[in-house]
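Once you've had a glance at the structure underneath, I'll fire off some questions.
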Amino acid sequence: MATAAVPDREAGAGLGAELGDVGAEDLRPPDAAASRVERFLDDGSFLELGSARVHRATGFGLERKRVPGDGVVAGTGTLDGRPVHVFAQDRYVLGGSLGEAHADRIADTIGRALRGGTPVVGINDSGGARIQEGVAALDGYGAVFRANVAASGRVPQLSVVLGACAGGAVYSPALMDLTIMSDAATMFLTGPRVVRAVTGEDVDARTLGGPEVHGARTGSAHLLAPDDDAALALAGRVLSYLPSAAWLPAPVVDPVAPAHDDPGASVPRDPRAPYDVRDVIAGVVDGGSFLELQERWARNLVVGFARMEGRSVGVIANQPAWLAGVLDATASEKGARFVRMCDAFGLPLVVLVDVPGFLPGSEQEHGGVIRRGAKLLHAFTSATVPRVSLVLRKAYGGAYIVMNSRSIGADAVLAWPGAELAVLGAEGAADLVFRRELERHPERRDELMTRYREDAMDVGVAAGRGSVSEIIAPEDSREALLGLLRALRDGAPRGFVHDNLPQ
Ligand code: HXC
């Protein structure tokens, strides 16, 4: 079945089967599942599988609510000519709730994507576990989660949340690689009514788990979109950077010149002055190709997909415009998941370093910066894709090591002239190293700081001992990075590397 009508389901429980066969298709609301699937995929390419499936449950009147497909549209089609598997929950059938048959169809779809080596896209709009089906619904979720985990790191899994995503429904998106939310979407483990009943807290759905919450506070949403179609278009854009499976190459498109050719233009010389690192990214990657993820969460670290000479890369950059670009526990988790995702799907890593260190203080220590920072350290150290760093101004302390230094396996570390690499910034270092001298001669502070800068921090020192592979002019950055990426591209063939564990 291609784009042909599915009037029974579309006119199902919520809309009333009395719509009959004449005109039912025209009355189908745009937020019904089949309509969303059709708009997402290439015209006429959708083949539904399991459209006659109904649940077996009885009791609570469910036997009178058997709707073909059981509230989910699932099957396969193409997107920009590439095969993709897709499922979409239908809010008009029992609130898109998940019962045994509904779950089976989703798990089957994910399993087929894995066997076929194609991405799977889930369109979520669901009230969670179908309450009347009890433990069968819970086991249904278990089966979906198991399928998600089996496919993790093997084929791309995207979740597009376009309505409610409540209860057990939230964990499938969280197990997938990436979640996109429309402005009408909400995600919460327990809905407002249950929250009120259990805790007495009075909170509306949007405040509890709307796009603002997951875009800026939890990081659970990677991309936000104003409406259904924009969210679906973003899913297509994300897939354009990724291979169909870990063992396949990512799509290559025509190269585009960068938006400007002077990546150093907006970078102040003073290592403490802020600037937006996205201006540097724009001077390095193909024009218009940068797609930032989790833009409003952990803003001190910028991550996103881009292209260089038409080939996909993952970009990770400290952001001096936010918290001076420090690493902290949250940014480390953000970076770690992104690095692991790129590594799983074979995308080379381009790392722009301008970092004053890890954020000090009891809030970070008590918040687990050791454990959580270790995730980024582990992700970079274990990454097997080509990975190159460019130090723009400074790289201090533990953050220097963590941000893809040579010592943890970067293929090359480039640096701009004047960059500083050290255990501490000059002020902190001078106060510690020359403490006794400064007690006797406080007037020597500037002189001693200059000495420390020249003898220990200067990029020439790091280049001399091999921590920096080459010092390059800012305007040569793109060419140098491209040269490295070309030279590192054709290593041993890749297969499955690892899963994409939620961080
Ligand atoms: C069965 C459900 C349902 C559910 C909604 N419906 N959710 N039926 N099980 N989980 C049904 C409603 O009874 C209603 O049926 C129809 O779907 C539409 O629902 P409305 O509430 O009228 O729609 P709306 O106002 O748009 O609100 C949608 C909603 C709300 C926000 C999703 O229905 C809601 O809060 N549902 C419950 C959310 C929740 O707490 N889920 C947790 C489930 S427990 P009729 O016949 O009247 O049209 C869970 C645990 C698993 O998931 C944990 C695993 C880790």
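Computed from heavy atoms alone, side chains included, the values below leave out hydrogens, waters and symmetry copies. Counting convention: from 1, in listed order, for ligands and their atoms alike.
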Salt bridge R130-D70, side-chain N to carboxylate O under 4.0 Å: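 D70 and R130: salt-bridged.
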Test your reading of the structure: does G168 have an N or O sitting under 3.5 Å from an N or O of ligand 1?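 Yes, there is a polar N/O contact under 3.5 Å.
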Return the option from R193, R91, R130 holding the heavy atom at the smallest distance from atom 30 (C) of ligand 1.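 The option holding the nearest heavy atom is R193.
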Does A129 reach ligand 1 with a nitrogen or oxygen that is under 3.5 Å from one of the ligand's nitrogen or oxygen atoms?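 Yes, since at least one N or O of A129 sits under 3.5 Å from an N or O of ligand 1.
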Taking the side chain as everything from C-beta on, heavy atoms only, tell me whether R489 gets closer than 4.5 Å to P249.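 No, every pair of side-chain atoms sits at 4.5 Å or beyond.
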Do F305 and F338 make the cut of ring centroids closer than 6.0 angstrom?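 So the answer is yes for these two rings.
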At a 4.0 Å threshold, what atoms of ligand 1 neighbour a non-hydrogen atom of K65?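 Once the distances to K65 are compared, the set is 46 (O).
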Within a distance under 4.0 Å of any heavy atom of L138, pick out the atoms of ligand 1 and give their elements.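 Result: 51 (C).
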Quick check on contacts: which atoms of ligand 1 are under 4.0 angstrom from a heavy atom of G167?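 Selected atoms, number and element: 42 (C), 49 (C), 52 (O).
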Examine G127 against ligand 1 and note whether any of their N/O atoms are separated by less than 3.5 Å.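 The answer is yes, given that G127 and ligand 1 share an N or O pair closer than 3.5 Å.
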Partners meeting side-chain hydrogen bond (donor to acceptor under 3.5 Å, both in side chains) with S152 (sequence neighbours left out):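 Partners of S152 by the side-chain hydrogen bond (donor to acceptor under 3.5 Å, both in side chains) criterion come out as none, since no residue qualifies.
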Can you tell whether the side chains of R206 and D204 come within less than 4.0 Å, N to carboxylate O?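 The answer is no: the pair does not qualify as a salt bridge.
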Quick one: which ligand 1 atoms are inside 4.0 Å of a heavy atom on G191?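 The atoms of ligand 1 under 4.0 Å from a heavy atom of G191 are 40 (O).
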Check whether more than 12 heavy atoms from other residues, nucleotides or ligands sit under 6.0 Å from atom NE2 of H378, and answer yes or no.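 No, the 6.0 Å shell around NE2 holds no more than 12 heavy atoms from other groups.
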Salt bridge or not for D499 and R154, using N-O below 4.0 Å?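 Salt bridge absent between D499 and R154.
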Any N/O pair F145/ligand 1 closer than 3.5 Å: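 No.
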Heavy atoms only, cut-off 4.0 Å: how does L189 contact ligand 1, side chain, backbone, both, or neither?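 The answer is neither; L189 stays 4.0 Å or more away.
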Mind checking whether A164 has an N or O less than 3.5 Å away from an N or O of ligand 1?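 In fact, backbone or side chain, A164 has no N or O that close.
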Using a heavy-atom cut-off of under 4.0 Å, does the side chain or the backbone of L94 touch ligand 1, or both, or neither?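 Backbone only.
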Residues forming a side-chain hydrogen bond (donor to acceptor under 3.5 Å, both in side chains) with R387, sequence neighbours excluded: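 For R387, the residues satisfying side-chain hydrogen bond (donor to acceptor under 3.5 Å, both in side chains) (neighbours in sequence not counted) are N404.
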